[in-house]
Amino acid sequence: MSELLLRLESLAGELPQRTETAIVLTLAAYFAGLRLFAWLRSPAWCPPILLASCLLALCLALLPLDYAEYRQGVEWLTWLLGPATVALGVPLYQQVHHIRALWKPIALTLPPAAMLAAGYAVGIAWLLNASPQVLASLAPKSVTAPIAMGITQALGGSVSLLMGALLITGVMATLGITVMARGWRLKDERIIGFALGVNGHAIGTVRAFEIGPTAGAFASLGMSLTGVFTALWLPLMWHFVG
């Protein structure tokens with residue numbers, strides 16, 4: 001690990017504006033997060049993406065690499081979030097027979113869940129006298145990143161603040177749903193997966209696929225429908241309220 005950090009520091013010093021620096025940092029943090037996650041025996045409260053994010057933040061703090069340069073270098077990785085989200089349609093199609101059987105409860109539960117996810121975050125921030133930019137950044141925190149970034153920019157929020165909110169939301173939602181499912185002895189993968197997708201977006205969906213393919217498919221459904229529904233109603237509501 002020390003040799004890797006020395007190599008990264010040398011690379012960052014020699015090529016501060018090169019895309020390769022950002023790519024090496026990102027991949028190194030990701031794989032290190034996976035190794036650390038396995039070493040910790042895969043705790044639900046600390047997913048690999050959280051560990052990787054902390055490691056990456058530490059590297060950016062220690063190395064002579066400006067965050068703006070790093071962000072510019074990983075723009076193409078951010079672009080890949082879109083195709084990755086679309087690819088979730090494959091397990092969704094594989095479980096379409098289960099989805100058809102439960103379309104009524106899905107249609108009834110999704111709108112209030114998506115609206116509450118945005119409403120309580122904005123409400124708490126508003127009570128704490130947060131600025132309009134902070135409010136706009138927190139509103140789409142339960143939506144998958146590619147859609148949430150577009151919503152935040154349309155509302156006038158900060159993408160950087162949004163990404164932090166997405167990370168915290170995904171981790172806390174995954175932990176909370178896992179604990180509640182165990183406490184209530186809930187074993188239906190369809191319900192658990194849908195709850196993880198609606199509340200925990202991509203992080204929750206990853207956790208759902210660890211549970212099983214059915215949970216993963218319903219998590220993909222919940223995440224996708226939450227993103228589409230929020231993209232339709234949130235900017236309109238923001239216009240009237242704002």
Side-chain angles (χ1 to χ4, degrees), residues 1-91 141 143-149 159-175 177-178 193 196-197 200-213 215-216 219-220 223:
M1 182 63 70
S2 60
E3 294 180 359
L4 177 60
L5 289 176
L6 290 175
R7 173 57 182 163
L8 292 177
E9 184 176 1
S10 175
L11 182 60
E14 296 173 359
L15 304 170
Q17 297 180 348
R18 294 284 298 275
T19 303
E20 289 84 351
T21 306
I23 295 175
V24 171
L25 283 173
T26 304
L27 295 179
Y30 175 72
F31 288 115
L34 288 177
R35 293 288 299 273
L36 186 57
F37 180 70
W39 182 75
L40 293 173
R41 297 183 180 180
S42 306
W45 55 269
C46 191
I49 190 172
L50 176 61
L51 297 171
S53 299
C54 293
L55 292 173
L56 180 59
L58 179 61
C59 290
L60 291 177
L62 295 177
L63 300 178
L65 178 64
D66 185 70
Y67 172 74
E69 295 175 348
Y70 166 79
R71 182 177 175 182
Q72 183 179 5
V74 295
E75 282 184 350
W76 71 277
L77 290 176
T78 305
W79 178 85
L80 289 176
L81 289 173
T85 304
V86 175
L88 293 173
V90 175
K141 65 171 185 57
V143 182
T144 183
I147 301 176
M149 291 170 64
V159 174
S160 298
L161 181 58
L162 165 70
M163 298 307 290
L166 285 174
L167 177 61
I168 296 173
T169 299
V171 172
M172 296 305 297
T174 301
L175 174 61
I177 293 171
T178 301
L196 286 169
H201 49 83
I203 298 177
T205 302
V206 171
R207 172 57 182 165
F209 275 106
E210 294 176 355
I211 297 174
S220 302
M223 181 181 66

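Because only heavy atoms are used, hydrogens play no part in the values below, and waters and symmetry mates are left out as well, while side chains stay in. The model shown is predicted, which means the values in this text are computed figures rather than measured ones.
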Q.
Any heavy-atom pair between the side chains of Ser53 and Leu167 that's under 4.5 Å?
A.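 Yes - at least one pair of side-chain heavy atoms lies under 4.5 Å apart.
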Q.
When you compare the side chain of Leu25 with that of Leu63, does any pair of heavy atoms fall below 4.5 Å?
A.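 Sidechains of Leu25 and Leu63: in contact.
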If you compare all heavy atoms of [X] against all heavy atoms of [Y], which two are closest, and at what distance to 0.1 Å?
{"X": "Gly193", "Y": "Ala208", "answer": "CA-CB, 4.3 Å"}
{"X": "Gly216", "Y": "Thr205", "answer": "O-CG2, 4.3 Å"}
{"X": "Gly33", "Y": "Leu55", "answer": "N-CD1, 3.9 Å"}
{"X": "His201", "Y": "Gly170", "answer": "NE2-N, 3.6 Å"}
{"X": "Ala165", "Y": "Lys141", "answer": "CB-CB, 4.1 Å"}
{"X": "Val159", "Y": "Met149", "answer": "CG1-CE, 4.0 Å"}

Report the distance from atom [atom1] of [X] to atom [atom2] of [Y], rounding to the nearest 0.5 Å.
{"X": "Ile203", "Y": "Leu166", "atom1": "CD1", "atom2": "CG", "answer": "8.0 Å"}
{"X": "Trp39", "Y": "Leu34", "atom1": "CH2", "atom2": "CG", "answer": "15.5 Å"}
{"X": "Ile168", "Y": "Leu50", "atom1": "CD1", "atom2": "CG", "answer": "9.0 Å"}
{"X": "Ile147", "Y": "Met223", "atom1": "CD1", "atom2": "CE", "answer": "8.0 Å"}
{"X": "Leu196", "Y": "Ile211", "atom1": "CG", "atom2": "CD1", "answer": "5.5 Å"}

Is it true that atom [atom1] of [X] has more than 12 heavy atoms of other residues, nucleotides or ligands lying nearer than 6.0 Å?
{"X": "Leu51", "atom1": "CG", "answer": "yes"}
{"X": "Glu210", "atom1": "CD", "answer": "yes"}
{"X": "Phe37", "atom1": "CZ", "answer": "yes"}

